[in-house]
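Report on the following structure.
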Amino acid sequence: MKRKDYITGSQYLRDFYIKDFKYISPEVLRNKKNDTKSSGRTEACTLFVKLWLREVLRGFKQFLYEGSLHGVKYIFEPSFSHNERVTWIVIVVISISICAMNIIQLVCKWTSTPFVNVIDSLPTPIWAVPFPSVVLCPHLHIKLSFANVSKLNDMENFFASLVCPQMDERKFEREQRLNVVENKMLQDFILKGSPTCSDLVKVCHWRSGYDTAWFRNDCCEKLLKPIFTEYGLCYTFNSLPLNGMTNETIAWQKTFNRISSSDPLEWDLDSGYPKVFPPKPGTLPLRVMASGEVNGLSIELYLNTSEHQYDCDGNNVGFNVLISSPTDHVYTSTILRLPMDRMTTIEVSPITYKTDTSLRALSPDQRQCFFQNERKLQYYEFYTDTNCKLDLRIRETMKHCRCVLYNWPRKYVWNPICSTKLDFQCVAEVKVKVGEQLIYAYYADSEEQRQPHEGATSCYPACNDILYSTQVYYSDLIRDHNSGKTNVGKSNKGEKTHINIHFYDDMFLGQHRHAQYDDYYFAGAIGGLLSLFLGFSIISVAELVYFVMLKPIHIAFKDSYYKKR
């Protein structure tokens, strides 16, 4: 028998079993050597960690005792008694607590009100902002020559009640909603019954550029556009393409304004006009280069009192004038009453609100305003708080009532118009609910310690916006007693009036919204509190890094190396 077979078959050989031979084979001996190396590395790492932790504790104690922090070293002073050390512990803890409370209050204030409004340091010229939009609404809704409101049939009575302030629409409510054909009949009734632009405007003066001629006889063709408002059919000056509405409303707008178009604009609320001088003439919205009456809008208006009907308009004679930003819709603008036989002068002062682009990093909920690209409205091209409120009301009414009011913008001409008793009740209920929703959202978002949320429910203001304040002056138009006519033209008493709208001054101071604490100011405020209460500075950071990180690592490497050798 061979030696190998003998060893394999034997169960016992001298003082060893055969199974023990595998532990002394060359392969096992090599593995044992590798395991020794691995255990050596593990022991070295463990030794380094232990040495490093020991040195970190020593370094931290040395930082507290020898560092620049105020009062902390007295806690470790060996010459002090136990009571003295306890006293300094209490002092340091109180100081740290007060410092922490102040820092927390500063951070809370920074997160709750991250911006402040200040007056611009430099004045802004008026040519940097648009001329306001002027909307003229006559107190003449149904001409007597078109229809006598006291002799209308049931359908026409309902049509007239929608535009005549003297008529109560609830008396003429229909049992069934208007169909598509009747919707068109309503539109034609209002358009034909209302006075046209040429009936109202005889002469206008507008200096469209710095050296260009004035418009005189083509006011309605070039300057004034028809628009539906809560006051019926009105005419607006310096309106945007599609009157500032989205392209989805173009089909509806062409039913009363055939030249409606969605021309692109070179201006918007966030970036303003192109930085080009001299300015390009005819850029919408229109603007002026200087203040004063000669650089404003002057219109001589005529109102045929023989067309007036008491059953429709009551005792009111004259015009409603709405002054607003071109981006704001006319439904919610401030109303001025324009009497007849008067010269009305309106001095306008712009108020601008600007927001630093650095605040774009914050959410709209934090800064409580929207830039133009952050929130799109369904019916209006530009975001403003007034447009947002009306857009929300229209959408909610369409959602719950399945109809809209005749003067509201709509996507399709055949959209149903609210005309029944249930419709008007639903419209009133939605108006109340939307108002409550906006009020609750406002109070929730204006709380000092409000919780941030993603979807903003409030109609925050636009981050960059323009408002216009007005001062109104009246003066009489002189009459020639011999001829019984006014000097402004041949007309009867109470049929003519004159209006002039211009800027009050060439320059104005706007308001600016910027971060309450920028990065440098915030770091300085935090550093000031730490330095005041603890004496903490950038040198303290360097000491902490040195004593707690660099020095312990160096000593741990050095000691572990020598112990290994």
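Residue indices begin at 1 and follow the sequence shown. Keep in mind that this is a model prediction, so the values were computed, not measured.
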| message | Under a 3.5 Å cutoff, is there a donor and acceptor pairing between the side chains of Asp506 and Ser291? | response | yes

(request) Using only heavy-atom distances, determine whether the side chains of Ser261 and Asp263 contain a donor-acceptor pair under 3.5 Å. (result) yes

CG of Leu359 to CD of Gln366, rounded to nearest 0.5 Å, is 10.0 Å

* Asked: Is there less than 2.5 Å between the SG of Cys234 and that of Cys137?
  -> yes

Exercise for review: Assess the pair Phe131 and Phe503: is the distance between their ring centroids shorter than 6.0 Å?
Suggested key: yes

task: May I ask you to test the Val129-Tyr273 pair for a side-chain heavy-atom distance under 4.5 Å?
output: no

Rounded to the nearest 0.5 Å, the OG atom of Ser324 sits from the OH atom of Tyr468 at a distance of 8.5 Å

Practice problem: Please state whether the rings of Phe146 and Phe189 are parallel, tilted or perpendicular, taking 30° and 60° as the class boundaries. | Solution: perpendicular

The reported gap from CG in Asp505 to CD1 in Ile126 (rounded to nearest 0.5 angstrom) is 8.0 Å

TODO: State plainly whether the residues Glu300 and Lys202 are in salt-bridge range, i.e. N to O under 4.0 Å.
DONE: no

Salt bridge present between Lys496 and Asp341 (N-O < 4.0 angstrom): no

- Any side-chain heavy atom of Trp267 sitting closer than 4.5 Å to one from Thr327? yes

Discussion item. Treating Glu396 as the side-chain partner and Val434 as the backbone partner, does any N or O pair qualify as donor plus acceptor under 3.5 Å?
Written reply: no

Parallel, tilted or perpendicular: which one describes the rings of Tyr383 and Phe370, with boundaries at 30° and 60°?
perpendicular

- Task: Would you please classify the geometry between the His139 ring and the His141 ring as parallel, tilted or perpendicular, with 30° and 60° separating the classes?
- Result: perpendicular

Please confirm whether Arg513 makes a cation-pi placement over Phe115, using NZ or CZ under 6.0 Å from the six-membered ring centre and within 45° of the ring normal.
yes

- If we ignore angles and hydrogens, is there a donor and acceptor under 3.5 Å between the side chains of Glu266 and Thr283? no

Output for pair (Thr386 OG1, Asp391 CG), nearest 0.5 Å, gives 11.0 Å

message: Between Asn153 and Glu156 (side chain of the first, backbone of the second, donor and acceptor by atom type, cut-off under 3.5 Å), is there such a pair?
response: yes

Given the options Pro165, Pro138, Cys164, Asp313 meets side-chain contact (heavy atoms from CB on, under 4.5 Å) only with Pro165

**Study point:** Within 6.0 Å of OH in Tyr440, more than 12 heavy atoms from elsewhere
**Key:** no

Side chains of Glu173 and Ser419: do they bring a donor and an acceptor to under 3.5 Å? no

Check Lys431 with Glu436, please: is the shortest side-chain N to carboxylate O separation under 4.0 Å? no

Q.
Could you check whether any side-chain heavy atom of Leu136 comes within less than 4.5 Å of a side-chain heavy atom of Phe237, counting everything from C-beta outward?
A. no

**Message:** Using a 6.0 Å cut-off, check whether atom CZ of Arg360 has over 12 heavy atoms from anything other than its own residue.
**Reply:** yes

Please evaluate residues Arg367 and Cys463 with respect to the criterion side-chain contact (heavy atoms from CB on, under 4.5 Å), reporting the C-alpha separation (whole Å), side-chain torsions for both, the decisive distance (0.1 Å), and the verdict. CA-CA 9 Å; Arg367 78 175 100 92; Cys463 291; 3.9 Å; yes

### Task
Return yes if a side-chain donor-acceptor contact under 3.5 Å exists between Gln166 and Asp311, otherwise no.
no

Does CZ in Phe424 sit with more than 12 non-hydrogen atoms of other residues, nucleotides or ligands closer than 6.0 Å?
yes

Between the SG atom in Cys219 and the CD atom in Glu221, the distance rounded to the nearest 0.5 Å is 8.0 Å

Go through the steps for His329 and Tyr380 under the test side-chain contact (heavy atoms from CB on, under 4.5 Å), then give the verdict. CA-CA 8 Å; His329 204 268; Tyr380 299 101; 3.4 Å; yes

Just say parallel, tilted or perpendicular for the rings of Phe228 and Phe256, cut-offs at 30° and 60°. perpendicular

**Prompt:** Under 3.5 Å, is there a donor-acceptor pair between the side chain of Glu230 and the main chain of Val163?
**Reply:** no

Okay, side chain of Thr397, backbone of Arg393: is any donor-acceptor separation there less than 3.5 Å? yes

| Carboxylate-amine/guanidinium proximity below 4.0 Å for Asp199 and Lys143 | yes

Q) Does a sphere of radius 6.0 Å around OH in Tyr473 hold more than 12 heavy atoms from other residues, nucleotides or ligands, not counting ones at 6.0 Å or beyond? A) yes

Check your understanding: Quick check: are there more than 12 heavy atoms from other residues, nucleotides or ligands sitting under 6.0 Å from NZ of Lys151?
Key -> no

Is there a donor-acceptor contact under 3.5 Å from the side chain of Asn157 to the main chain of Leu152? yes

| task | Identify whether the distance between the nearest side-chain nitrogen and carboxylate oxygen of Lys376 and Glu381 falls below 4.0 Å. | result | no

- Looking at side-chain heavy atoms only, is the closest gap between Glu307 and Leu140 below 4.5 Å? yes

Taking the side chain as C-beta and beyond, is there a heavy-atom pair between Pro339 and Thr497 under 4.5 Å?
no

Q) Would you say Gln176 has more than 12 foreign heavy atoms packed within less than 6.0 Å of its CD? A) no

Next on the checklist: Between Asp188 and Met185, does the side-chain contact (heavy atoms from CB on, under 4.5 Å) criterion hold? Intermediate values first, please.
Outcome noted: CA-CA 5 Å; Asp188 293 340; Met185 291 173 59; 5.8 Å; no

query: Taking Thr229 for the side chain and Tyr231 for the main chain, is one N or O donor matched with an acceptor at less than 3.5 Å?
result: yes

Are there over 12 heavy-atom neighbours, none belonging to Asp154, within less than 6.0 Å of that residue's CG? no

Q) Shorter than 2.5 angstrom, is that how the SG atoms of Cys403 and Cys418 come out? A) yes

| query | Are Asn117 and His514 linked by a side-chain donor-acceptor pair shorter than 3.5 Å? | reply | no

Review point. So do Met245 and Tyr379 actually touch side chain to side chain, heavy atoms under 4.5 Å?
Key: no

Practice prompt. For Ser262 and Asn247, indicate whether the former's side chain and the latter's backbone hold a donor-acceptor pair under 3.5 Å.
Written response: no

Got a donor-acceptor contact below 3.5 angstrom from the Ser458 side chain to the Ala441 backbone? yes

* So Asn387 and Asp385, side-chain contact (heavy atoms from CB on, under 4.5 Å) or not? Walk me through it. -> CA-CA 5 Å; Asn387 288 348; Asp385 55 339; over 6 Å; no

- Task: May I ask you to check whether over 12 heavy atoms, not counting those of Lys254, lie within 6.0 Å of atom NZ?
- Result: yes

- Side chains of Thr355 and Asn464: is there a donor and an acceptor less than 3.5 Å apart? no

Original post:
Is there a donor in the side chain of Ser260 and an acceptor in the side chain of Asn257, or the other way round, less than 3.5 Å apart?
Top reply: yes

**Study point:** Arg337 charged N/C atom sitting above Phe319 aromatic ring, 6.0 Å / 45°
**Key:** no

Original post:
For Tyr504, does its backbone N or O pair with a side-chain atom of Glu347 as donor and acceptor, under 3.5 Å?
Top reply: no

Quiz prompt | Pair Asn500, Thr345: side-chain N/O donor-acceptor within cut-off below 3.5 Å | solution = no

Between the CH2 atom in Trp206 and the CG atom in Leu297, the distance rounded to the nearest 0.5 Å is 6.5 Å

Check your understanding: Are the side chain of Thr255 and the backbone of Trp252 linked by a donor-acceptor contact shorter than 3.5 Å?
Key -> yes

Discussion item. Do Ile323 and Ser133 have side chains that approach each other closer than 4.5 Å (heavy atoms only, starting at C-beta)?
Written reply: no

